[in-house]
Trainee: 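The structure's right below; bear with me while I get my questions together.
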Amino acid sequence: MIQFGLGRNWIGRIRLALTLLGLPYAVCKSGIRPAVSCSSAQSFRAAQSFAASASHLYTTSTRTMPSSVAPHTKSRCPQYPGSKVKRFPVPDDKVDWSRAWPQYSPVNHTDPAVTKRPQWADPDVGFLFCLFHSAFSPRFNALDGAVDRTSFEGSYSVEKGKPLNPRGRTGLTGRGLLGRWGPNHAADPIVTRWKVDAKGKKISHSVSKRPVLQFVSIKRKDCGEWAIPGGMVDPGELVSLTLQREFSEEALNSLAAAPAERAKILERINKLFKSPGFQVYKGYVDDPRNTDNAWMETVAVNFHDDTGSSVSELPLQAGDDAGQVQWVDVDSSFPLYASHSHFLEVVAKERNAHW
(Lines give C-alpha, C1' and ligand atoms only; values in the text may rest on other atoms or scores of the structure.)
Protein backbone atom coordinates (compact mmCIF):
# COMPACT_ATOMS: atom_id res chain seq x y z
CA MET A 1 0.00 0.00 0.00
CA ILE A 2 1.19 3.52 -0.73
CA GLN A 3 2.52 5.32 2.32
CA PHE A 4 1.77 9.01 2.70
CA GLY A 5 3.89 11.71 4.28
CA LEU A 6 1.40 13.09 6.80
CA GLY A 7 1.03 10.95 9.89
CA ARG A 8 -2.38 9.43 10.50
CA ASN A 9 -2.31 10.34 14.17
CA TRP A 10 -1.73 14.02 13.37
CA ILE A 11 -4.55 14.09 10.83
CA GLY A 12 -6.85 12.10 13.08
CA ARG A 13 -6.54 14.54 15.99
CA ILE A 14 -7.47 17.48 13.77
CA ARG A 15 -10.40 15.60 12.22
CA LEU A 16 -11.70 14.52 15.62
CA ALA A 17 -11.82 18.15 16.77
CA LEU A 18 -13.46 19.32 13.54
CA THR A 19 -16.13 16.62 13.58
CA LEU A 20 -17.06 17.27 17.20
CA LEU A 21 -17.45 20.96 16.39
CA GLY A 22 -19.37 20.32 13.19
CA LEU A 23 -16.73 22.08 11.07
CA PRO A 24 -16.14 20.96 7.48
CA TYR A 25 -12.78 20.01 6.07
CA ALA A 26 -11.53 19.80 2.52
CA VAL A 27 -8.36 19.64 0.46
CA CYS A 28 -7.01 22.98 -0.82
CA LYS A 29 -4.74 23.50 -3.80
CA SER A 30 -1.73 23.12 -1.56
CA GLY A 31 -2.70 19.48 -1.03
CA ILE A 32 -2.84 19.79 2.76
CA ARG A 33 -6.17 19.45 4.58
CA PRO A 34 -6.69 22.73 6.49
CA ALA A 35 -8.50 23.33 9.76
CA VAL A 36 -11.52 24.65 7.87
CA SER A 37 -12.77 24.37 4.31
CA CYS A 38 -11.28 26.55 1.57
CA SER A 39 -14.80 27.85 0.95
CA SER A 40 -15.69 30.87 3.06
CA ALA A 41 -19.39 30.10 2.61
CA GLN A 42 -18.89 26.64 4.10
CA SER A 43 -16.93 28.13 7.00
CA PHE A 44 -19.76 30.57 7.71
CA ARG A 45 -22.37 27.79 7.69
CA ALA A 46 -20.18 25.74 10.01
CA ALA A 47 -19.92 28.63 12.47
CA GLN A 48 -23.71 29.02 12.44
CA SER A 49 -24.19 25.33 13.24
CA PHE A 50 -21.58 25.22 16.02
CA ALA A 51 -24.06 25.28 18.89
CA ALA A 52 -26.34 22.64 17.36
CA SER A 53 -23.55 20.39 16.27
CA ALA A 54 -21.93 18.52 19.09
CA SER A 55 -20.42 20.53 21.89
CA HIS A 56 -22.23 18.01 24.14
CA LEU A 57 -20.11 15.05 23.03
CA TYR A 58 -17.31 13.82 25.22
CA THR A 59 -14.69 11.11 24.92
CA THR A 60 -12.52 9.16 27.35
CA SER A 61 -9.25 7.29 26.97
CA THR A 62 -11.24 4.50 25.28
CA ARG A 63 -11.30 5.73 21.70
CA THR A 64 -10.63 2.61 19.72
CA MET A 65 -12.13 -0.83 19.37
CA PRO A 66 -11.27 -3.33 22.12
CA SER A 67 -8.03 -5.22 21.44
CA SER A 68 -9.95 -8.50 21.23
CA VAL A 69 -11.58 -7.49 17.95
CA ALA A 70 -10.34 -9.65 15.07
CA PRO A 71 -9.37 -7.30 12.23
CA HIS A 72 -11.32 -7.20 9.01
CA THR A 73 -13.19 -10.49 9.51
CA LYS A 74 -16.82 -9.83 8.60
CA SER A 75 -15.58 -7.93 5.55
CA ARG A 76 -14.31 -11.28 4.27
CA CYS A 77 -17.49 -13.31 4.90
CA PRO A 78 -17.61 -16.15 2.30
CA GLN A 79 -20.93 -15.13 0.73
CA TYR A 80 -21.75 -11.49 0.08
CA PRO A 81 -25.00 -10.46 1.87
CA GLY A 82 -28.17 -10.23 -0.20
CA SER A 83 -26.70 -12.29 -3.02
CA LYS A 84 -25.32 -15.67 -4.07
CA VAL A 85 -21.94 -14.13 -4.86
CA LYS A 86 -18.95 -15.88 -3.27
CA ARG A 87 -15.92 -13.80 -2.32
CA PHE A 88 -12.44 -14.81 -3.43
CA PRO A 89 -10.98 -16.36 -0.23
CA VAL A 90 -8.47 -14.06 1.49
CA PRO A 91 -6.33 -15.60 4.28
CA ASP A 92 -5.26 -13.44 7.21
CA ASP A 93 -1.68 -13.11 5.97
CA LYS A 94 -2.82 -11.77 2.57
CA VAL A 95 -5.23 -9.08 3.76
CA ASP A 96 -2.76 -6.19 3.75
CA TRP A 97 -2.20 -4.56 0.36
CA SER A 98 1.52 -4.41 1.07
CA ARG A 99 1.73 -8.20 0.76
CA ALA A 100 2.40 -9.16 -2.86
CA TRP A 101 -0.19 -11.63 -4.14
CA PRO A 102 -0.18 -12.06 -7.95
CA GLN A 103 -2.81 -14.81 -7.66
CA TYR A 104 -5.40 -12.47 -6.12
CA SER A 105 -8.51 -12.58 -8.34
CA PRO A 106 -11.42 -10.87 -6.55
CA VAL A 107 -14.99 -11.17 -7.78
CA ASN A 108 -16.59 -7.98 -9.09
CA HIS A 109 -20.07 -7.27 -7.75
CA THR A 110 -22.30 -4.23 -7.45
CA ASP A 111 -25.91 -4.89 -6.47
CA PRO A 112 -28.58 -4.02 -9.08
CA ALA A 113 -30.19 -1.69 -6.52
CA VAL A 114 -27.00 0.38 -6.67
CA THR A 115 -26.40 0.23 -10.42
CA LYS A 116 -29.87 1.71 -11.02
CA ARG A 117 -28.32 4.92 -9.66
CA PRO A 118 -30.71 5.96 -6.89
CA GLN A 119 -30.13 9.37 -5.34
CA TRP A 120 -27.93 7.95 -2.57
CA ALA A 121 -25.55 6.14 -4.96
CA ASP A 122 -22.61 7.24 -7.12
CA PRO A 123 -22.49 6.53 -10.86
CA ASP A 124 -20.18 3.74 -11.95
CA VAL A 125 -16.57 4.40 -12.88
CA GLY A 126 -14.55 2.67 -15.53
CA PHE A 127 -13.84 2.61 -19.26
CA LEU A 128 -17.12 1.06 -20.44
CA PHE A 129 -19.21 3.46 -18.41
CA CYS A 130 -17.39 6.47 -19.86
CA LEU A 131 -18.07 5.29 -23.42
CA PHE A 132 -21.80 5.80 -22.94
CA HIS A 133 -22.00 8.42 -20.19
CA SER A 134 -20.14 11.53 -19.14
CA ALA A 135 -17.07 10.62 -17.11
CA PHE A 136 -17.55 10.39 -13.34
CA SER A 137 -14.43 11.57 -11.54
CA PRO A 138 -15.00 11.84 -7.79
CA ARG A 139 -12.50 13.73 -5.63
CA PHE A 140 -11.23 11.04 -3.30
CA ASN A 141 -9.63 11.94 0.06
CA ALA A 142 -11.51 15.24 -0.05
CA LEU A 143 -14.85 16.92 0.46
CA ASP A 144 -16.36 16.27 -2.98
CA GLY A 145 -19.11 18.87 -3.20
CA ALA A 146 -21.52 17.84 -0.42
CA VAL A 147 -20.21 14.25 -0.30
CA ASP A 148 -17.50 13.60 2.26
CA ARG A 149 -14.98 11.21 0.68
CA THR A 150 -12.40 11.61 3.42
CA SER A 151 -11.73 8.67 5.73
CA PHE A 152 -11.32 8.52 9.50
CA GLU A 153 -8.44 6.14 8.70
CA GLY A 154 -6.44 8.91 7.03
CA SER A 155 -5.53 9.07 3.33
CA TYR A 156 -6.33 5.93 1.36
CA SER A 157 -4.81 4.78 -1.93
CA VAL A 158 -6.52 5.11 -5.30
CA GLU A 159 -5.68 2.58 -8.01
CA LYS A 160 -6.93 2.82 -11.60
CA GLY A 161 -9.43 5.46 -10.59
CA LYS A 162 -10.88 3.43 -7.73
CA PRO A 163 -10.22 3.74 -3.98
CA LEU A 164 -8.67 0.87 -2.05
CA ASN A 165 -10.10 -0.32 1.27
CA PRO A 166 -7.65 1.00 3.92
CA ARG A 167 -7.91 -2.23 5.93
CA GLY A 168 -6.97 -4.45 2.99
CA ARG A 169 -8.39 -7.07 0.65
CA THR A 170 -11.95 -8.37 0.96
CA GLY A 171 -12.14 -10.80 -1.98
CA LEU A 172 -14.66 -8.62 -3.82
CA THR A 173 -14.38 -5.46 -5.93
CA GLY A 174 -17.09 -2.99 -6.94
CA ARG A 175 -19.49 -1.51 -4.41
CA GLY A 176 -21.72 -4.42 -3.44
CA LEU A 177 -24.66 -2.92 -1.54
CA LEU A 178 -22.89 0.36 -0.77
CA GLY A 179 -23.71 3.53 -2.68
CA ARG A 180 -20.44 5.45 -2.49
CA TRP A 181 -17.01 4.63 -3.86
CA GLY A 182 -14.65 4.82 -0.90
CA PRO A 183 -15.94 5.56 2.60
CA ASN A 184 -19.68 5.36 3.24
CA HIS A 185 -20.33 7.41 6.37
CA ALA A 186 -22.93 6.34 8.92
CA ALA A 187 -24.04 7.31 12.43
CA ASP A 188 -25.07 4.88 15.17
CA PRO A 189 -27.03 6.26 18.16
CA ILE A 190 -26.69 3.94 21.16
CA VAL A 191 -29.59 4.84 23.47
CA THR A 192 -29.34 3.24 26.92
CA ARG A 193 -31.13 3.18 30.27
CA TRP A 194 -30.71 1.27 33.53
CA LYS A 195 -32.69 -1.92 34.01
CA VAL A 196 -34.87 -1.37 37.07
CA ASP A 197 -37.35 -3.32 39.14
CA ALA A 198 -40.98 -2.38 39.92
CA LYS A 199 -39.77 0.08 42.56
CA GLY A 200 -37.35 1.78 40.19
CA LYS A 201 -34.24 0.31 41.79
CA LYS A 202 -31.34 -0.70 39.53
CA ILE A 203 -31.06 -4.44 38.89
CA SER A 204 -27.57 -5.94 39.20
CA HIS A 205 -26.36 -9.01 37.34
CA SER A 206 -26.20 -12.16 39.46
CA VAL A 207 -22.61 -12.95 38.41
CA SER A 208 -20.81 -9.64 37.85
CA LYS A 209 -22.83 -7.81 40.56
CA ARG A 210 -22.78 -4.75 38.30
CA PRO A 211 -25.95 -2.85 37.30
CA VAL A 212 -27.48 -3.96 34.01
CA LEU A 213 -27.83 -1.53 31.12
CA GLN A 214 -30.49 -1.84 28.44
CA PHE A 215 -30.24 -0.43 24.94
CA VAL A 216 -32.67 0.11 22.09
CA SER A 217 -32.06 -2.63 19.52
CA ILE A 218 -33.65 -3.19 16.13
CA LYS A 219 -33.90 -6.37 14.11
CA ARG A 220 -32.69 -5.60 10.60
CA LYS A 221 -34.97 -6.59 7.75
CA ASP A 222 -32.10 -7.33 5.35
CA CYS A 223 -30.28 -9.98 7.40
CA GLY A 224 -32.44 -10.70 10.43
CA GLU A 225 -29.69 -9.73 12.89
CA TRP A 226 -30.19 -7.47 15.90
CA ALA A 227 -28.38 -4.14 15.68
CA ILE A 228 -28.06 -0.60 16.95
CA PRO A 229 -30.46 1.67 15.04
CA GLY A 230 -28.50 3.84 12.64
CA GLY A 231 -28.12 4.93 9.06
CA MET A 232 -26.18 6.83 6.46
CA VAL A 233 -25.15 10.45 6.83
CA ASP A 234 -26.80 12.45 4.06
CA PRO A 235 -24.52 14.72 1.97
CA GLY A 236 -23.91 17.94 3.88
CA GLU A 237 -25.70 16.69 7.01
CA LEU A 238 -24.21 17.09 10.48
CA VAL A 239 -23.58 13.79 12.23
CA SER A 240 -25.47 15.06 15.28
CA LEU A 241 -28.62 15.43 13.16
CA THR A 242 -28.17 12.00 11.58
CA LEU A 243 -28.00 10.38 15.02
CA GLN A 244 -31.26 11.96 16.10
CA ARG A 245 -33.05 11.40 12.79
CA GLU A 246 -32.13 7.74 12.49
CA PHE A 247 -33.17 6.91 16.04
CA SER A 248 -36.51 8.68 15.59
CA GLU A 249 -37.25 6.94 12.30
CA GLU A 250 -35.99 3.43 13.07
CA ALA A 251 -36.85 2.94 16.73
CA LEU A 252 -39.88 5.18 17.20
CA ASN A 253 -41.27 5.27 13.64
CA SER A 254 -41.84 9.01 13.97
CA LEU A 255 -42.60 9.31 10.25
CA ALA A 256 -45.83 7.34 10.69
CA ALA A 257 -46.97 9.09 13.88
CA ALA A 258 -49.86 11.55 14.01
CA PRO A 259 -48.81 15.22 14.30
CA ALA A 260 -49.61 15.45 18.03
CA GLU A 261 -47.83 12.19 18.78
CA ARG A 262 -44.86 13.20 16.62
CA ALA A 263 -44.51 16.43 18.59
CA LYS A 264 -44.44 14.43 21.83
CA ILE A 265 -41.80 12.08 20.43
CA LEU A 266 -39.61 14.92 19.21
CA GLU A 267 -39.82 16.69 22.58
CA ARG A 268 -38.53 13.59 24.39
CA ILE A 269 -35.91 12.94 21.72
CA ASN A 270 -34.62 16.51 21.88
CA LYS A 271 -34.30 16.23 25.65
CA LEU A 272 -32.19 13.09 25.38
CA PHE A 273 -30.00 14.20 22.49
CA LYS A 274 -29.24 17.52 24.15
CA SER A 275 -27.75 15.64 27.10
CA PRO A 276 -23.99 14.93 27.09
CA GLY A 277 -23.30 12.17 24.58
CA PHE A 278 -20.38 9.75 24.91
CA GLN A 279 -18.54 9.22 21.63
CA VAL A 280 -17.99 5.46 21.69
CA TYR A 281 -16.19 5.01 18.40
CA LYS A 282 -15.30 6.83 15.22
CA GLY A 283 -13.69 4.99 12.32
CA TYR A 284 -13.74 1.99 10.00
CA VAL A 285 -16.41 -0.66 10.58
CA ASP A 286 -15.82 -4.35 9.87
CA ASP A 287 -19.07 -4.75 7.93
CA PRO A 288 -20.12 -7.69 5.69
CA ARG A 289 -21.09 -5.18 2.97
CA ASN A 290 -17.51 -3.91 2.60
CA THR A 291 -15.58 -4.43 -0.62
CA ASP A 292 -12.11 -3.58 -1.93
CA ASN A 293 -13.48 -0.27 -3.25
CA ALA A 294 -16.27 0.68 -0.82
CA TRP A 295 -16.46 0.40 2.95
CA MET A 296 -18.41 1.52 6.01
CA GLU A 297 -17.22 4.08 8.55
CA THR A 298 -19.26 5.36 11.47
CA VAL A 299 -19.52 7.64 14.45
CA ALA A 300 -21.17 5.76 17.33
CA VAL A 301 -22.49 7.90 20.19
CA ASN A 302 -24.10 6.77 23.44
CA PHE A 303 -27.00 8.83 24.81
CA HIS A 304 -27.95 7.61 28.28
CA ASP A 305 -31.38 8.15 29.85
CA ASP A 306 -30.04 8.01 33.39
CA THR A 307 -33.30 8.88 35.17
CA GLY A 308 -35.63 7.12 32.73
CA SER A 309 -37.52 10.35 32.12
CA SER A 310 -36.87 10.99 28.41
CA VAL A 311 -37.33 8.15 25.90
CA SER A 312 -37.64 5.24 28.34
CA GLU A 313 -41.40 5.72 28.60
CA LEU A 314 -42.06 6.07 24.89
CA PRO A 315 -43.52 3.01 23.12
CA LEU A 316 -40.95 1.58 20.71
CA GLN A 317 -42.23 1.02 17.18
CA ALA A 318 -40.17 -0.32 14.28
CA GLY A 319 -39.88 1.80 11.19
CA ASP A 320 -37.73 2.35 8.13
CA ASP A 321 -35.26 -0.59 7.88
CA ALA A 322 -36.23 -2.20 11.19
CA GLY A 323 -38.36 -5.33 11.42
CA GLN A 324 -38.63 -5.31 15.23
CA VAL A 325 -37.47 -2.99 18.00
CA GLN A 326 -37.13 -3.52 21.75
CA TRP A 327 -35.08 -2.73 24.86
CA VAL A 328 -32.38 -5.39 25.22
CA ASP A 329 -30.07 -6.13 28.17
CA VAL A 330 -26.44 -5.24 27.45
CA ASP A 331 -24.63 -8.56 27.71
CA SER A 332 -21.63 -10.11 25.94
CA SER A 333 -23.68 -13.20 25.08
CA PHE A 334 -26.16 -11.27 22.92
CA PRO A 335 -25.07 -11.48 19.24
CA LEU A 336 -25.24 -8.28 17.22
CA TYR A 337 -24.68 -7.10 13.64
CA ALA A 338 -21.23 -6.01 12.38
CA SER A 339 -19.12 -4.36 15.11
CA HIS A 340 -22.06 -3.39 17.31
CA SER A 341 -21.18 -5.83 20.12
CA HIS A 342 -17.85 -4.07 20.56
CA PHE A 343 -19.55 -0.67 20.72
CA LEU A 344 -21.75 -1.96 23.55
CA GLU A 345 -18.69 -3.33 25.37
CA VAL A 346 -17.14 0.13 25.39
CA VAL A 347 -20.40 1.65 26.66
CA ALA A 348 -20.67 -0.90 29.48
CA LYS A 349 -17.10 -0.21 30.61
CA GLU A 350 -17.63 3.55 30.45
CA ARG A 351 -20.74 3.33 32.64
CA ASN A 352 -19.31 0.66 34.96
CA ALA A 353 -22.14 -1.69 34.01
CA HIS A 354 -22.39 -5.42 33.47
CA TRP A 355 -20.91 -6.86 30.30
Side-chain angles (χ1 to χ4, degrees), residues 14-27 33 35-57 114 117-122 138-152 175 177-191 218 227-255 262 265-266 269-270 272-275 277 279-285 287 289 294-303 319-322 343:
I14 292 180
R15 297 198 55 192
L16 173 61
L18 294 179
T19 300
L20 293 181
L21 298 179
L23 295 175
Y25 34 80
V27 175
R33 186 178 297 118
V36 295
S37 168
C38 301
S39 165
S40 59
Q42 287 178 327
S43 300
F44 176 71
R45 287 196 299 271
Q48 285 183 315
S49 62
F50 175 89
S53 165
S55 57
H56 298 294
L57 294 185
V114 177
R117 294 184 61 185
Q119 185 178 5
W120 47 267
D122 288 333
R139 295 180 61 220
F140 293 119
N141 289 301
L143 189 63
D144 185 18
V147 178
D148 184 5
R149 299 190 190 278
T150 60
S151 169
F152 296 137
R175 283 173 291 163
L177 289 166
L178 300 179
R180 304 292 180 192
W181 294 98
N184 288 252
H185 292 286
D188 294 314
I190 306 172
V191 175
I218 64 167
I228 297 164
M232 308 308 295
V233 179
D234 291 337
E237 182 179 41
L238 291 173
V239 171
S240 55
L241 297 180
T242 308
L243 290 164
Q244 185 167 335
R245 170 175 57 80
E246 287 297 329
F247 181 77
S248 299
E249 293 178 4
E250 289 201 344
L252 301 174
N253 200 15
S254 62
L255 295 178
R262 187 182 302 122
I265 291 174
L266 292 178
I269 288 292
N270 287 336
L272 178 65
F273 281 75
K274 283 182 180 179
S275 64
Q279 182 176 286
V280 178
Y281 178 75
K282 178 176 149 183
Y284 179 92
V285 179
D287 191 291
R289 294 170 293 179
W295 59 92
M296 289 295 299
E297 299 191 10
T298 196
V299 176
V301 180
N302 174 219
F303 294 96
D320 198 22
D321 296 328
F343 297 165

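The structure displayed is predicted, hence computed values, not measured ones. The figures here come from the full heavy-atom set of this structure, side chains too, leaving out hydrogens, waters and symmetry mates.
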Trainee: If you look at every heavy atom in V239 and V233, which pair is closest and at what distance?
Mentor: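 In terms of heavy atoms, the two residues are closest at CG2-CG2, 4.4 Å.
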Trainee: Once you round to the nearest 0.5 Å, how far does OG1 of T298 lie from NZ of K282?
Mentor: 11.0 Å
Trainee: How many angstroms lie between atom CD of Q279 and atom CD1 of I190, to the nearest 0.5 angstrom?
Mentor: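 Nearest 0.5 Å value for the CD-CD1 distance: 10.5 Å.
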Trainee: Any side-chain heavy-atom pair from F343 and V301 closer than 4.5 angstrom?
Mentor: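 Side-chain contact under 4.5 Å: no.
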Trainee: Give, for atom CG of L178 and atom CG of D122, the distance between the pair rounded to the nearest 0.5 Å.
Mentor: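 The distance works out to 10.5 Å.
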Trainee: Taking all atoms of both residues into account, what is the closest heavy-atom pair of A187 and L243, and its distance?
Mentor: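 In this case the closest contact between A187 and L243 is CB-CD2, 3.7 Å.
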Trainee: Looking at R117 and A121, would you say the former's side chain and the latter's main chain have a donor-acceptor pair under 3.5 Å?
Mentor: no
Trainee: So, for P229 and P189, which heavy atoms are closest and what is the spacing to 0.1 Å?
Mentor: O-CD, 2.8 Å
Trainee: Just verifying a value: how many Å separate F247 CZ and F303 CZ, rounded to the nearest 0.5 Å?
Mentor: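 The distance works out to 10.5 Å.
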Trainee: Rounded to the nearest 0.5 Å, how far apart are CG of N141 and CZ of R149?
Mentor: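 Here the interatomic distance stands at 11.0 Å.
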Trainee: What is the minimum heavy-atom distance between E246 and G230, and which atoms define it?
Mentor: OE1-O, 3.3 Å
Trainee: I'd like to know if the side chain of N184 and the backbone of G182 have a donor-acceptor N/O pair within less than 3.5 Å.
Mentor: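 Yes, because the side chain of N184 sits within donor-acceptor range (under 3.5 Å) of the backbone of G182.
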Trainee: Can you find a pair of side-chain heavy atoms, one from Q244 and one from N270, that are under 4.5 Å apart?
Mentor: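 Yes. Closest side-chain heavy atoms under 4.5 Å.
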Trainee: May I ask you to say whether R180 pairs ionically with D144, meaning some side-chain N is under 4.0 Å from a carboxylate O?
Mentor: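 No, R180 and D144 are not salt-bridged.
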Trainee: Can you find a pair of side-chain heavy atoms, one from F152 and one from V299, that are under 4.5 Å apart?
Mentor: yes
Trainee: For a quick test of reading the model, state the closest non-hydrogen atom pair linking M232 to M296 and the distance between them.
Mentor: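 M232 and M296 have their closest heavy atoms at SD-CE, 3.8 Å.
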Trainee: In Å and rounded to the nearest 0.5 Å, what is the CG to CZ distance from L266 to F273?
Mentor: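 So the gap between those two atoms works out to 11.0 Å.
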